[in-house]
Amino acid sequence: MTKTRNWKPQTALVHGGTLRSGFGETAEAMYLTQGYVYETAQAAEARFKGEEPGFIYSRYANPTVDMFEKRMCALEGAEDARATASGMAAVSAALLCSVKAGDHIVAARALFGSCRWVVETLAPRYGIEATLIDGTDIANWEKAVRPNTKLFFLESPTNPTLEVVDIAAVAALANSIGARVIVDNVFATPLQQKPLQLGAHIVVYSATKHIDGQGRCLGGVILSDKKWIDENLHDYFRHTGPSLSPFNAWTLLKGLETLPLRVRQQTESAGKIADFLAGRPEIARLIYPGRADHPQADIVRKQMSGGSTLICLDVKGGKQAAFALQNALDIVLISNNLGDAKSLITHPATTTHKNLSDEARAELGIGPGTLRLSVGLEDTDDLLADIEQALKAAKE
Ligand SMILES: Cc1ncc(COP(=O)(O)O)c(C=O)c1O
């Protein structure tokens, strides 16, 4: 039985999409199977013809993966979804299934490195041109449009500088020229920003981040209207196989149950840590979407319902000071990951964004002293004490 009613998000995240077997299990069942059997040859024929519902092969669909997709639809308010093996499988499938040779993509240049590679390096190999712009100004999107522009792609807030893009304005422009908008909503989480309600056509997630949120498995998901998914993703998934494993789908389903509790707590802690850091003499720049001094606070208020679990900061003293601060931290761990129960700190210039040129990094506001802090579920006072002692130690 598939249950998805008119529930509030917290309820949908616990019960949405549940497919209960004849055993009446409480927790979602993990269907670790590649294939399915048929009572008769006629039943197999009917299922392949689409005359009878049911599963055929787990590269196409699987009951545990189906529960995850339905639960994500209930949360996002989307008609349909396809789960993928990783966030990058979701981004690349959504992008490549939206365009063909001769089409043009406009993308905000502040993108996660691998997303930028797909747009800048992979797509042109297949005759798909891309223009990267500063997405924070809607005039740049307008200027980049060409007669063959079919797709706009953006991330908001961006990684790592937490800039925001006006999703409703980009969607209105896309609609006026018959193009589509894909939003990578990883940093906002499905709880704090609803791109489909703002007019975007497709939303993608790395479920690896807050949705799992406990550092266990990779996953991704693409959400959109049923027609677009049927016409554009269905065959791609069947024939190229970016499918999510049932084991990972089960882990992500359990992650969804606690997503609101975790994101609320992590955001509250991040807000307090951002306020603390903003007042410290060691900090040259602090960007946090929940603060009034965020460079685009008006857009944050318009399109996000909360702050962020992430903070971007620049320490005075460049790379040396940034490394010293990272090394002096005790609870906060050095990692390129984010959205985890454990607080994690990243030096983007030498890790996640090391492949960009110095100019490209400077354009994105990533300097030698820039750090990205992903706030976890530890006690806020312990985190504040850890950061304070590390700031002092780094100065010595
Ligand atoms: C904004 C953003 N999009 C996409 C991805 C890719 O996700 P995954 O690592 O699950 O492939 C990441 C990963 O760090 C990310 O930060």
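First listed ligand is number 1; within each ligand, the first listed atom is number 1.
Considering only non-hydrogen atoms, atom 1 (C) of ligand 1 lies nearest to D184 out of D184, N159, T158.
N337 and K209 form a side-chain donor-acceptor contact under 3.5 Å, judged by distance and modelled atom types alone. Side chains of Y36 and S58: a donor on one and an acceptor on the other come within 3.5 Å.
When each atom of ligand 1 is checked for a heavy atom of T208 under 4.0 Å away, the hits are 8 (P), 10 (O). Of all atoms in ligand 1, listed by their number and element, those nearer than 4.0 Å to a heavy atom of K209 are 9 (O), 12 (C), 13 (C), 14 (O). Numbered from 1 in the order shown, with element, the atoms of ligand 1 that lie under 4.0 Å from a heavy atom of S86 read 10 (O), 11 (O).
Note that K319 lies in the cation-pi zone of F323, set by a 6.0 Å cut-off to the ring centre and a 45° limit from the axis.
Considering backbone and side-chain N/O atoms, F187 never comes within less than 3.5 Å of an N/O atom of ligand 1. Considering backbone and side-chain N/O of E155, none are found under 3.5 Å from N/O of ligand 1. Residue contacts with ligand 1: M88 is placed with a nitrogen or oxygen under 3.5 Å of a nitrogen or oxygen of the ligand (distance criterion only).
For atom 15 (C) of ligand 1, the nearest protein heavy atom (residue, atom name, distance) is F112 CG, 3.7 Å.
With respect to the salt-bridge test (charged N to carboxylate O, under 4.0 angstrom), the residues D103 and K100 qualify.
Ring geometry for Y60 against Y57 counts as perpendicular: the plane angle is over 60°, on a 0 to 90° scale with 30° as the lower cut.
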